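Residue numbers begin at 1 in each chain, while the letters A, B, ... track the order of the sequences. None of these values were measured; they are calculated from a predicted model.
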There are 2 protein chains.
Amino acid sequence: MSETAAGARGRSIRAVPPGGTEDRQHTEHGLERKQQLLDAAAELFADRGYGATRIVDICAAAGVAKGLFYWYFPTKSDLFVELVRTMRHRLRRAQGKAMAPDDDAPTRVAQGAAESVRFMAAHAGYFALLDVERADPEIAHVLDEGAGVYFSDVRRLVAEGQAAGTIPDGETDLLTVGVLGAVSSFSNSFRNGRIDPTIDVDALADFVAGWVARALR
Amino acid sequence: MSETAAGARGRSIRAVPPGGTEDRQHTEHGLERKQQLLDAAAELFADRGYGATRIVDICAAAGVAKGLFYWYFPTKSDLFVELVRTMRHRLRRAQGKAMAPDDDAPTRVAQGAAESVRFMAAHAGYFALLDVERADPEIAHVLDEGAGVYFSDVRRLVAEGQAAGTIPDGETDLLTVGVLGAVSSFSNSFRNGRIDPTIDVDALADFVAGWVARALR
DNA sequence: CTCCACCTTGACCGGCGGGTCGACCGCGAG
DNA sequence: CTCGCGGTCGACCCGCCGGTCAAGGTGGAG
């Protein structure tokens, strides 16, 4: 884990620029290769967990040698972080698109919850990798960061609803936690097969929307 | 962590069933030592995660040499399993005690949920260690086993309520997942400080009971 | 007192796996 | 053609950590 300052020696002064991070120039082909690694890693993480996935496994799955990994990523956790951030952006975009701007707050919350369930079901392979140990501080950070983002998104809506009288006053934070928890619980259970997998995803999403709407009443 | 060893004293008692593996004869002092290891491990697991906790750290925390660990546990995951099972038994006992036998199903579910929240808050250090990677199959197994136990406990109550007409029909499994998810979500958020930690635990428990009751209506 | 079972120690071993390195390839620009 | 850079390879290094082991301690039963 030690970044060993022994970065640039010899003649080629590359790597570790003032900014701190890698700013490698990738060709289009390079970007594709990087994506292959990302995809392979996502699958392996989801399958056997982050810690249990060896870098060499990721490379093997992508059909390249281990050394190449470090051409594209400084460390394993950097790859993970990139994966998670990408996922988060896509999910939030989907949520935003699913909420009708003119509906009231509780309805919008329910719409967002339903869409989240659908999205997570559609990308189960991706979201499974969130079941990860938070030992690595870099991991913990990006995960907490995500939790914070979703929290404030939902909290804003809840507070709005309370102001408009469409959601009961008080305990704004708790209501928010409840909504977030419902979405992740149902999604996790579905993904892990604790829910009858033959159920229609849209039916599940509707159920969750109803659950949230009732609890918010 | 008190008198787990009911009254056994003076003579050695068997700690592990003769299932073929370790069936060491521990003296009372030995059982105490073992408990020290268990406690030290629980704290470290909760603090930095299972995978990131080194056996030698556990021993150092308990003030013994590494070799001794293997006198009491075959492997690290065996220790973990023992920890989780113990916890589960205590929680279920608390739940059972909290539910008034003559109340109707939804009320009992809410009572159990509230008690679970209180229990998990009181033993936050213990429950934090459930945030663990499921890479190790032995770990995954004991965790799933626990999920299954709680699931069937709650499902039984929900089905009972549906039969009695106190809970709406249909989707028994989904309702169960919702209840379980609410309890764990609120408990996790509280433990991780995502909820204002100055809130009274009983108030939180009541809130969760209300949340569940509303969602179950 | 002796013996045996339980307890305790820390040096040691083995391999696993993250990260490094130096060499090499192929292509487009000059 | 030659240079430089993006890209690729895989042997190698090395610290870490789970697990082992041989030896020594201690207290109670006989």
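- For the pair A:K34 NZ and D:dG6 P, the computed distance is 14 Å after rounding to whole Å.
- Listed nucleotides C:dT20, D:dC9, C:dC7 differ in distance to A:K66; the shortest reach to its side chain belongs to C:dT20.
- When distances run from any side-chain atom of B:W71 to the nucleotides C:dG18, C:dC6, D:dG10, the shortest one goes to C:dC6.
- No donor-acceptor distance shorter than 3.5 angstrom exists from the side chain of A:E115 to the backbone of A:M99, with no hydrogens or angles considered.
- Counting to the nearest Å, the C1' atom of C:dA5 and the OH atom of B:Y72 are 12 Å from each other.
- Side-chain contact between A:V64 and A:L37: present, with at least one pair of heavy atoms (C-beta onward) separated by less than 4.5 Å.
- Rounded to an integer number of Å, the gap from CD of A:E32 to P of D:dG6 is 17 Å.
- With hydrogens and angles ignored, the 3.5 Å screen pairs a side-chain donor or acceptor of B:D136 with a backbone N or O of B:E138.
- The CD atom of A:Q36 sits 8 Å away from the P atom of D:dT8 (whole-angstrom rounding).
- Distance OH (B:Y70) to P (C:dG10): 16 Å, rounded to an integer number of Å.
- The residue B:G30 sits close only to the backbone: its heavy atoms come under 4.0 Å of sugar-phosphate atoms, none of a base.
- The main-chain N or O of A:F80 is never found under 3.5 Å from a side-chain atom of A:S77 such that the two would form a donor-acceptor pair.
- For A:H29, whose side chain is taken as the heavy atoms from C-beta onward, the closest listed nucleotide among D:dG7, D:dG6, C:dT8 is D:dG7.
- Centroid-to-centroid, the aromatic rings of B:F190 and B:F186 stay 6.0 Å apart or farther.
- Distances shorter than 4.0 Å separate none of the side-chain N or O atoms of B:R54 from OP1 or OP2 on D:dC16.
- Regarding contacts with the backbone of C:dC7, every side-chain N or O of B:R33 stays at 4.0 angstrom or more from both OP1 and OP2.
- The base of D:dG18 has none of its N or O atoms less than 3.5 Å from a complementary donor or acceptor on the side chain of B:K76.
- For the pair A:F69 CZ and D:dG10 P, the interatomic distance rounds to 17 Å; values are reported in whole Å.
- Here B:I55 lies in heavy-atom contact (under 4.0 Å) with sugar-phosphate atoms only.
- In this structure, B:T27 reaches the C:dC7 phosphate: one of its side-chain N or O atoms is under 4.0 Å from OP1 or OP2.
- The separation between A:L79 atom CG and C:dG19 atom P is 12 Å, rounded to whole Å.
- At whole-Å resolution of the value, CG in B:L37 and C1' in C:dC7 are 13 Å apart.
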